[in-house]
Amino acid sequence: MPDIEIKNMVKLFTVLLLSEKGQHGYEIMKEVEKKTGKKVSPGQIYPFLKQLKKYRYVETKGRAERDRQAYYLTPEGRKFVARLSDKFGDMFEIAIKPKLTVCAHCNCEIYKGGYKERINGRLLSFCCENCAKGYRTLNTQ
Ligand SMILES: [Zn+2]
């Protein structure tokens, strides 16, 4: 049986989250949504969990209804994660880092610091004061 292929961020995050601790399917779904910033459906999570279970990379504890079950990585599952980590290298680290902040005006990535200003009641992040000024000019009358 060929190894499971991880072809999208949802699967990658699912495995990463399981490597942190055992969790329920819906917890994984909510966390993956948070990490990717996109809506995740049960159809993206549960079939993959089922596949992981078939490969004996996870085991389940708890009642049989899908929402009551918590999924835990098995020792085989940990080896699988280690293989993934070798394969993805840097991408693995990037995936688990919090999302970068983006300047509300020019969309450039703010690595640290930046400039914050409250405009129209919202606290926004900018890369610099000039961007805040530009944004303010465009968005206030
Ligand atoms: Zn900017």
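Note that ligands are numbered from 1 as they come in the structure, with each ligand's atoms numbered from 1 the same way.
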For Tyr72, is the NZ or CZ atom of Lys61 found under 6.0 angstrom from the centre of its six-membered ring and inside 45 degrees of the ring axis? yes

Examine His105 and say whether one of its N/O/S atoms is closer to the Zn ion (ligand 1) than 2.8 Å. no

Using 2.8 Å as a strict upper limit, say whether an N, O or S atom of Cys127 approaches the Zn ion (ligand 1) that closely. yes

From Cys108, does some N, O or S atom reach closer than 2.8 Å to the Zn ion (ligand 1)? no

Of all heavy-atom pairs linking Lys11 and Glu5, the shortest is CD-O, 4.3 Å

Do the side-chain N and O atoms of Tyr57 and Asp3 include a donor-acceptor pair separated by under 3.5 angstrom? yes

Given Val15 and Leu18, is the side chain to side chain contact (heavy atoms under 4.5 Å, CB included) satisfied, shown in steps? CA-CA 5 Å; Val15 172; Leu18 284 169; 5.7 Å; no

Between Cys106 atom SG and Cys131 atom SG, the angle centred on the Zn ion (ligand 1) rounds (to 10°) to 110°

